[in-house]
Amino acid sequence: MLSFLMRTFALSLSIFWRALPCWALLAAILYAVFSFFAESPILFLILLGFGAGTLMVFMLFVNVRSGLIVADEVTPTDLGKLFLRSFKFFRFFAIFNAMVGVLSLGAFYVASQMGIFDFDMAVEAVTTGDPQALAELQSSLSRPSVYAYTTVTQILSQIAYASLAVPMAANAAACSPKARNYEIFWGFGAGALRMFLLMLVAGTIVTGMVLVYGFVLLTMPVFDGLSLMQVTSIEELTAPSTLSSYLMIALLVLFPIAGFVWFLSLWCAGATLCFIDHRDKSQAEKDFEIARVFERPHTAEDLRALRLSRMQGTTGG
């Protein structure tokens, strides 16, 4: 597992530098389209809502293919296949997401029947807003059984989504001319545990980065020498007047964007390595079975010698 983590983090940096221009280009395109629909932003949001899922899958495929290119595992990209596979995989993901949602509702119903949750009390507390009812609800949600239920469901949910890593990478790998035409769910579940542990480690790192970023955001002097913690009124929030202040603001804006792209790059790096390992393992098993079927028959002399050796071994025992 340690070797996998080291390989993944190293590959994520290579993917990050290759994917960052693509994300910047996407942001520029979205900004241009938004400017075109400036008089009707609602229409822009509707169009984005319909295409956001496919667009996100498309960018994830681009990240995975960047990793496959670094690993010298793919030929040049077929854009037609890339768009078509992105749309198909998003439909598959939407169905999978709906199934996870139904299972989550079923688990919640079972938990409420077991007494872990009091659904009626929760509805009454939320709808009435009664302080005493809200306090009782908060107290009921602080029980160990609720924490255990939440932990188990979160772990199972994360493992379920980690199971999609290899299928996603396989579909991205198929977006090349004459590439193997993987099924939409090929490799489902392979590498799920490794991906779950990777996201656990990555989540811990991201949490630490968020805490550091929040501290820097509050303490960095960008408002003419004042930090956000030193500002006591809106009137003190003056525009920066020095180049260093503008650079600090640019850094504060770009850091979360770069962190988001790196996190996706890390996930795609893990998916890429899991796909390569699973593909090589599957191919090795297939080659072994083929070798067994087409193994060269023994000659009569070989069979006679083998029979004599077995008889001598039995006699000697």
Side-chain angles (χ1 to χ4, degrees), residues 1-27 56-77 82 85-86 89 93 155 158-176 179-180 182 186-213 216 251-284:
M1 184 61 194
L2 181 60
S3 173
F4 171 73
L5 290 176
M6 294 175 63
R7 291 161 57 206
T8 301
F9 276 90
L11 182 59
S12 70
L13 296 178
S14 299
I15 295 177
F16 173 77
W17 292 115
R18 287 168 172 79
L20 195 59
C22 297
W23 286 96
L25 178 61
L26 174 63
M56 188 64 185
V57 173
F58 176 85
M59 293 304 297
L60 289 175
F61 278 15
V62 169
N63 281 23
V64 171
R65 289 193 63 83
S66 297
L68 291 170
I69 290 172
V70 172
D72 196 23
E73 292 286 343
V74 289
T75 54
T77 303
L82 187 60
R85 283 269 175 175
S86 299
F89 193 82
F93 176 75
I155 290 176
Q158 291 302 318
I159 292 178
Y161 284 108
S163 300
L164 295 175
V166 171
M168 187 193 74
N171 279 270
C175 299
S176 296
R180 175 179 171 180
Y182 292 97
W186 184 89
F188 179 82
L193 183 58
R194 287 196 295 177
M195 289 298 298
F196 171 74
L197 295 176
L198 172 65
M199 289 299 99
L200 192 62
V201 173
T204 304
I205 295 175
V206 170
T207 301
M209 293 172 63
V210 169
L211 293 175
V212 171
Y213 176 79
V216 173
L251 182 63
L252 289 173
V253 172
L254 294 176
F255 181 78
I257 299 174
F260 171 75
V261 175
W262 173 77
F263 185 80
L264 290 181
S265 300
L266 181 67
W267 198 91
C268 292
T272 300
L273 294 178
C274 287
F275 160 71
I276 293 174
D277 292 344
H278 181 66
R279 182 204 59 190
D280 293 346
K281 181 181 178 181
S282 300
Q283 188 61 46

- request: Grab the two heavy atoms, one from Ala162 and one from Phe196, that are nearest each other, plus how far apart they are.
  value: CB-N, 4.1 Å

task: Return the set of residues passing salt bridge (charged side-chain N to carboxylate O under 4.0 Å, His left out) with Arg279 (not counting sequence neighbours), or none when no residue passes.
output: Glu73

message: Is it the case that the side chains of Arg18 and Ser265 hold a donor-acceptor pair, with the cut-off being a distance below 3.5 Å and no angle test?
response: no

message: Within this structure, what is the CD1-CD1 distance for the pair Ile15 and Ile69, rounded to the nearest 0.5 Å?
response: 10.0 Å

task: Search all heavy atoms of Ser12 against all heavy atoms of Ala269 and return the closest pair with its distance.
output: N-CB, 3.7 Å

message: If you define the side chain from C-beta out and look only at heavy atoms, does anything of Leu82 sit under 4.5 Å from Val62?
response: yes

message: side chain to side chain contact (heavy atoms under 4.5 Å, CB included), that's the test. Do Trp23 and Leu264 meet it? Break it down for me.
response: CA-CA 11 Å; Trp23 286 96; Leu264 290 181; 3.5 Å; yes

- prompt: If every non-hydrogen atom of Thr8 is compared with every non-hydrogen atom of Gly270, which pair is closest and at what distance?
  reply: CG2-N, 3.5 Å

message: Which heavy atom of His278 sits nearest to which heavy atom of Gly187, and what is that distance?
response: NE2-CA, 3.8 Å

- request: State the CD-CG distance between Gln158 and Leu197, to the nearest 0.5 angstrom.
  value: 12.0 Å

query: Once you round to the nearest 0.5 Å, how far does CE of Met59 lie from OG of Ser86?
result: 10.0 Å

task: Compare every heavy atom of Val64 with every heavy atom of Ala172, then report the nearest pair and how far apart it is.
output: CB-CG1, 3.7 Å

query: Does the side chain of Phe93 reach to within under 4.5 Å of the side chain of Leu164, using non-hydrogen atoms?
result: yes

query: How long is the gap from CG on Leu13 to CH2 on Trp17, to the nearest 0.5 Å?
result: 8.5 Å

Any side-chain heavy-atom pair of Tyr182 and Asn171 under 4.5 Å: no

message: Rounded at 0.5 Å granularity, tell me how far CZ in Phe4 sits from CG in Asp277.
response: 7.5 Å

query: Heavy atoms, side chains only, cut-off 4.5 Å: are Thr77 and Phe61 in contact?
result: no

- prompt: Roughly how far, to the nearest 0.5 Å, is the CD1 atom of Ile276 from the CG atom of Leu68?
  reply: 5.5 Å

query: Just wondering, do Leu20 and Phe16 contact through their side chains at under 4.5 Å, heavy atoms?
result: yes

query: With side chains defined as the heavy atoms from C-beta onward, is the minimum distance between Met195 and Trp267 less than 4.5 Å?
result: yes

- request: Indicate the atoms forming the closest heavy-atom contact of Ser163 with Ala192, along with that distance.
  value: OG-CB, 3.6 Å

query: Is there a side-chain contact between Ile205 and Phe263, using heavy atoms and a 4.5 Å cut-off?
result: no

message: Side chains of Phe89 and Leu60, heavy atoms from C-beta outward: is any pair under 4.5 Å?
response: no

